[in-house]
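A note on names: the letters A, B, ... follow the listed sequences, proteins ahead of strands, and every chain is numbered from 1. Just so it is clear, the values below take in all heavy atoms, side chains as well, and ignore hydrogens, waters and symmetry mates.
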Protein chains: 2
Amino acid sequence: MSDQAVGTVSSEQLAELAGVNAAKVRKDLSYLGSYGTRGVGYDVDQLVREVSRELGLTHDWPVAILGVGNLGRALANYRGFRARGFRIVALVDADPAKVGTRVGDLTVEPVEALSRLVTERGVAIGLIATPAAAAQAVADRLVAVGVRAILNFAPAVVVVPPEVSLRKVDLATELSILSFYQQQGRRAGDGVGV
Amino acid sequence: MSDQAVGTVSSEQLAELAGVNAAKVRKDLSYLGSYGTRGVGYDVDQLVREVSRELGLTHDWPVAILGVGNLGRALANYRGFRARGFRIVALVDADPAKVGTRVGDLTVEPVEALSRLVTERGVAIGLIATPAAAAQAVADRLVAVGVRAILNFAPAVVVVPPEVSLRKVDLATELSILSFYQQQGRRAGDGVGV
DNA sequence: CTCTGTGAAATTTTTCACAGCG
DNA sequence: CGCTGTGAAAAATTTCACAGAG
């Protein structure tokens with residue numbers, strides 16, 4: 001909406017886009033403060049600013065990608081990250097044949113370089129895009145060198161100490177949810193919001 | 001666990017792996033029926049069977065991938081799908097330069113072929129891996145040719161009729177959640193389950 | 001008038017706690 | 001005994017409904 005120069009938006013409109021109740025939108029947004037105007041709605045640009053502030057998107061987060069297979073490359077080339085302040089600053093792979101190759105304007109580095117890369121480039125988030133078998137070992141290494149936020153794309157359960165944030169994107173699970181609703185004849189709700 | 005020949009598992013163990021309360025595991029599993037043995041736990045293989053049945057994973061679901069960029073290729077090569085009964089049966093791209101190229105053992109087809117592919121190959125689920133700008137048009141085409149389950153990876157809001165199941169995987173949102181917890185000094189919970 | 005912000009009510013989810021089966 | 005299955009209680013989330021700001 002901001003790109004399309006929409007000035008204001010109502011909770012009703014946002015609710016429709018998100019597939020939820022308008023009261024929920026208002027209640028949720030009220031936690032940011034009172035940024036709406038009664039009888040008018042919310043100022044789009046202000047809302048983007050306030051939400052960005054709350055989510056910690058006002059500054060850049062350096063990101064490292066572990067595992068430079070198809071998925072790792074897809075993540076490295078994903079344009080959506082940059083737009084939200086996530087900057088890919090390092091690519092790491094265990095395969096010596098991949099080390100030294102270039103993806104975009106980054107060179108693939110060996111696993112041994114991880115500690116140095118994290119320090120030098122201030123890596124705050126690690127994306128695990130390795131095969132399942134390697135995921136836990138890679139997570140352990142990330143934790144060991146001080147990375148405290150991990151997004152795991154590998155289809156494996158990974159355990160980390162309580163002070164580390166860990167999320168998992170499981171592509172097969174997403175499809176399973178769809179198949180569940182297909183079979184039920186019901187309709188799957190929204191996935192991960194916008 | 002099944003691969004590792006674990007015979008039975010308790011709700012307590014499952015709860016720890018999933019990061020939830022044991023009572024929740026038991027209550028959730030109870031919706032499948034009474035498959036646990038008191039004093040012992042759940043039979044791993046039986047549990048896998050019952051959950052698969054409930055989720056509709058006992059038969060194959062033919063899947064089409066729309067958009068054969070890095071992400072599309074990563075999805076096409078993703079091994080986790082096959083293991084859960086999702087078979088990639090068609091690759092479609094709007095770029096004439098990509099049409100005719102091969103990815104794995106599939107040939108990239110033009111968008112015009114979609115209707116025929118869906119019919120001939122029984123496509124039940126469509127994965128949108130196009131740029132954001134193309135996502136809605138591709139979704140419209142999928143709906144028009146009768147696909148009733150869509151997983152959208154493009155960073156765009158897509159609207160479909162109520163009878164169609166739509167889920168969205170938003171990679172930047174996942175990172176945003178991590179950054180939120182980083183900033184809060186709190187810890188992000190689990191993401192999409194195992 | 002319109003649309004927000006929010007107490008209060010309704011609903012859903014989660015946890016407790018324990019009877020009872022193997 | 002140990003662990004499931006499940007009513008009942010507690011907690012969290014969602015919705016209603018409306019006062020009141022612009």
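- Counting any heavy atom pair closer than 4.0 Å across all strands shown, A:Tyr31 reaches no nucleic acid atom.
- Only at 4.0 angstrom or more do the heavy atoms of residues 42-52 of chain A sit from any atom of DNA chain D, so none qualifies.
- Mapping A:Thr37 and B:Thr37 onto DNA chain D via the closest heavy atom, the residue that lands nearer the 5' end is B:Thr37.
- Under the rule for a side-chain hydrogen bond (donor to acceptor under 3.5 Å, both in side chains), B:Glu12 has no partner lying at least two apart in sequence or in another chain.
- Among residue pairs with one or both ends in residues 112-131 of chain B, those qualifying as salt bridge (Lys or Arg N to Asp or Glu O under 4.0 Å) are B:Glu109-B:Arg116, B:Glu109-B:Arg121, B:Arg116-B:Glu120; sequence neighbours excluded.
- By the side-chain hydrogen bond (donor to acceptor under 3.5 Å, both in side chains) test, B:Thr101 pairs with no residue at all, sequence neighbours left out.
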Below 3.5 Å is the cut-off: list the nitrogen or oxygen pairs between protein and nucleotides 15-19 of chain C, distance only.
from: C:dT15; atom 1: O4; to: B:Lys27; atom 2: NZ; distance (Å): 3.4
from: C:dC16; atom 1: OP2; to: B:Asn21; atom 2: ND2; distance (Å): 3.2
from: C:dA17; atom 1: N6; to: B:Arg26; atom 2: NH2; distance (Å): 3.2

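- Residue B:Ser11 has a polar side-chain atom (N or O) positioned under 4.0 Å from OP1 or OP2 of D:dT4.
- If you measure from atom OH of A:Tyr35 to atom P of D:dG22, you get 16 Å, rounded to the nearest angstrom.
- The list of side chain to side chain donor-acceptor pair (under 3.5 Å) pairs with a residue in residues 67-81 of chain A, not counting sequence neighbours, is empty.
- Legend: side chain to side chain donor-acceptor pair (under 3.5 Å) pairs involving residues 29-48 of chain A, not counting sequence neighbours, sorted by first then second residue: A:Ser2-A:Asp45, A:Tyr35-A:Glu50.
- Contact detail for A:Asp93 and A:Lys98: the closest heavy-atom pair is OD2-CD, 3.6 Å.
- Across the protein-nucleic acid pair, A:Leu29 atom CG and C:dC3 atom P stand 16 Å apart, rounded to whole Å.
- The side chain to side chain donor-acceptor pair (under 3.5 Å) pairs that include a residue from residues 55-65 of chain B are B:Asp60-B:Arg87, where partners are two or more places apart or lie in different chains.
- Applying the side chain to side chain donor-acceptor pair (under 3.5 Å) test to residues at least two apart or on different chains, the pairs with a partner in residues 126-150 of chain A are A:Gln136-A:Asp140.
- As a whole-Å value, the separation of A:Asp28 CG from D:dT13 C1' is 10 Å.
- Looking at A:Ser179, its side chain does come within 3.5 Å of a backbone N or O of B:Leu55 through a donor-acceptor pair.
- In this entry the distance linking CG of A:Leu14 with C1' of C:dC3 reads 12 Å, nearest Å.
- Between A:Val40 and A:Ser30, the residue anchored closer to the 5' end of DNA chain C is A:Val40, taking for each the nucleotide with the nearest heavy atom.
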